[in-house]
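Everything on this sheet refers to the single structure shown next.
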2 protein chains.
Amino acid sequence: VVLIEAATRIYNSGENEVRAMDGINLSIGRGEFLTLVGPSGSGKSTLLHCIGCLDAPTSGRVFIDGRDVTTGLSAAERGEVRNAKIGFIFQSFNLIPVLTAYENIEFALQIHGGQTAAQMRARTLEVLSLLGLESQKDRRPNQLSGGQQQRVAIGRALVKKPALVLADEPTANLDRKTSDDLIALMRQMNEQLGITFVFSTHDEHLMRHARRIVRLSDGRIVGDEANQTP
Amino acid sequence: VVLIEAATRIYNSGENEVRAMDGINLSIGRGEFLTLVGPSGSGKSTLLHCIGCLDAPTSGRVFIDGRDVTTGLSAAERGEVRNAKIGFIFQSFNLIPVLTAYENIEFALQIHGGQTAAQMRARTLEVLSLLGLESQKDRRPNQLSGGQQQRVAIGRALVKKPALVLADEPTANLDRKTSDDLIALMRQMNEQLGITFVFSTHDEHLMRHARRIVRLSDGRIVGDEANQTP
Ligand SMILES: Nc1ncnc2c1ncn2[C@@H]1O[C@H](COP(=O)(O)OP(=O)(O)OP(=O)(O)O)[C@@H](O)[C@H]1O
Ligand SMILES: Nc1ncnc2c1ncn2[C@@H]1O[C@H](COP(=O)(O)OP(=O)(O)OP(=O)(O)O)[C@@H](O)[C@H]1O
Ligand SMILES: [Mg+2]
Ligand SMILES: [Mg+2]
């Protein structure tokens with residue numbers, strides 16, 4: 001479902017060149033449950049943004065379901081791929097400040113389209129409940145705790161049951177129990193709906209559940225193997 | 001160094017009353033190394049903000065070094081207490097977007113006052129180095145990874161060697177090695193300089209290093225004891 005060929009992402013900050021991604025080759029199949037791991041600054045967020053069509057590599061190519069999303073695609077077309085197929089959980093949440101938790105999540109369904117108002121309401125309430133957010137649904141982000149905001153960001157990505165979920169450190173602000181519940185939910189969506197999950201994480205409990213672990217270091221893949229410790 | 005008496009913090013969001021803190025009594029001595037733990041939404045950030053004079057309880061009192069900071073203090077006076085005595089690491093970093101990593105950290109010394117330009121420069125470079133940020137020092141927050149931003153927020157709090165450091169989930173976005181280095185640095189500052197540290201965390205590795213663990217649930221303290229597992 002995801003194919004990346006020789007992708008490099010260079011930032012020119014000042015006179016220094018930063019190789020946030022450096023010659024990445026990666027193939028991810030439908031229904032995988034994979035995590036990216038690596039030190040702070042090793043390129044996990046950059047790689048997720050390129051897979052998610054939020055950023056483009058400086059050189060190399062990215063294919064989503066066989067379609068080249070790096071060359072010859074307009075910004076509008078890239079947006080269509082994202083809306084149709086990808087749910088993204090940002091490391092810094094990126095919630096809409098003027099919308100409530102409920103509205104932030106429902107908004108993702110409205111953009112995606114294809115459902116009645118009643119269907120959207122039911123699904124949004126279901127996701128809020130799965131994430132333990134029913135009592136907080138009418139509050140805005142600045143009225144929520146860090147972990148509550150993180151869960152709204154997660155809800156927004158999962159509500160439309162996208163083919164591909166990209167989750168950048170989804171448990172960073174969650175306590176152990178909430179984190180375990182989330183991991184169980186994502187595994188269930190993976191096993192029952194065939195949704196492909198790609199995380200980045202520093203959380204060893206989440207790492208343990210991944211079926212494949214891809215290690216990054218200085219923008220390069222230095223390890224890619226099945227998880228030996230299930 | 002910190003005394004909290006019957007402190008309650010109520011938010012009126014809509015027609016519901018939220019008791020983010022509910023009758024908190026807490027006493028913290030000089031040189032302690034304590035962590036707050038508890039589920040997402042249990043009140044850790046709220047309590048840290050009240051200790052740090054960034055917020056005030058709806059009822060009850062907070063004393064810093066014997067001085068009542070809740071009644072009869074103007075906003076300016078509360079700011080003076082913060083600048084003189086407290087270093088705060090925010091759960092969402094709160095970096096100044098137009099300043100570089102270097103400038104964000106040095107700014108804390110400039111507000112604190114009392115040092116020459118050369119002393120401030122040397123101390124800022126020292127902190128950047130201790131946190132592994134030398135190569136990133138001239139970049140702005142949106143040019144940094146999540147964990148790099150977190151370390152700038154940490155550097156800003158530690159640079160002035162304040163009497164009291166309040167750290168809201170300081171390792172949430174850090175890999176294991178960077179997190180271990182940070183914990184070692186904070187323990188050294190605690191043991192050599194007598195700085196009091198109060199964290200909130202979900203990270204079991206950081207919890208293990210605390211000498212005292214205060215458990216929160218629904219805005220109340222439900223446990224307060226020495227750490228049995230050193
Ligand atoms: N402005 C507000 N209006 C209403 N409720 C609020 C507001 N700010 C915080 N709260 C609520 O107060 C409670 C405590 O929040 P707090 O941020 O202290 O939790 P926390 O323990 O730090 O959680 P986390 O582990 O998720 O960071 C939460 O239920 C939160 O939703
Ligand atoms: N706009 C930018 N200009 C220059 N360098 C950048 C920019 N954005 C990111 N970088 C750098 O690219 C590298 C990779 O960043 P990335 O955010 O992908 O790391 P990460 O693995 O997600 O780290 P973390 O675990 O801390 O979240 C880092 O060294 C970062 O400082
Ligand atoms: Mg990242
Ligand atoms: Mg918090």
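Every chain is numbered from 1, with letters handed out A, B, ... down the list of sequences.
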- [ ] Name the member of B:Ser40, B:Ala20, B:Gly43, B:Gly146 that forms the most heavy-atom pairs with chain A at distances under 4.5 Å.
- [x] B:Ser40
Task: Within 6.0 angstrom of A:Arg215 CZ, more than 12 heavy atoms from elsewhere - done: no
- [ ] Quick one: which of A:His202, A:Gln150, A:Lys177, A:Arg140 has the most heavy-atom pairs under 4.5 Å with chain B, could you say?
- [x] A:His202
Task: B:Val37 versus chain A, the contacting section by heavy-atom distance below 4.5 Å - done: neither
Task: Which portion of B:Glu204 sits near chain A, non-hydrogen atoms under 4.5 angstrom - done: side chain
Open item on the list: Just verifying a value: how many Å separate B:Arg176 CZ and A:Met207 CE, rounded to the nearest 0.5 Å?
Closed with: 9.5 Å
Open item on the list: For A:Arg220, I'd like to know if atom CZ has over 12 heavy atoms of other residues, nucleotides or ligands within 6.0 Å.
Closed with: no
TODO: Working to the nearest 0.5 Å, report the span between CG of B:Asp175 and OG of A:Ser42.
DONE: 7.5 Å
Task: Between A:Gly147, A:Gly38, A:Ser45, A:Gly132, the one whose heavy-atom pairs under 4.5 Å with chain B are most numerous - done: A:Gly147
TODO: Measure the shortest side-chain to side-chain distance between B:Gln143 and A:Val18 over non-hydrogen atoms and say whether it is less than 4.5 angstrom.
DONE: no
Task: Which atom of A:Gly41 lies closest to which atom of B:Ser145, heavy atoms considered - done: N-OG, 3.6 Å
Open item on the list: Please classify the contact of A:Gln148 with chain B as side chain, backbone, both or neither, using a heavy-atom distance under 4.5 Å.
Closed with: both
Task: chain A contact via B:Asn173 - side chain, backbone, both or neither, heavy atoms under 4.5 Å - done: both
- [ ] Can you establish whether the number of heavy atoms outside A:Asp218 located under 6.0 Å from its atom CG is more than 12?
- [x] no
Open item on the list: Counting heavy-atom pairs under 4.5 Å with chain A, which one of B:Ser92, B:Ala172, B:Ser179 comes out on top?
Closed with: B:Ala172
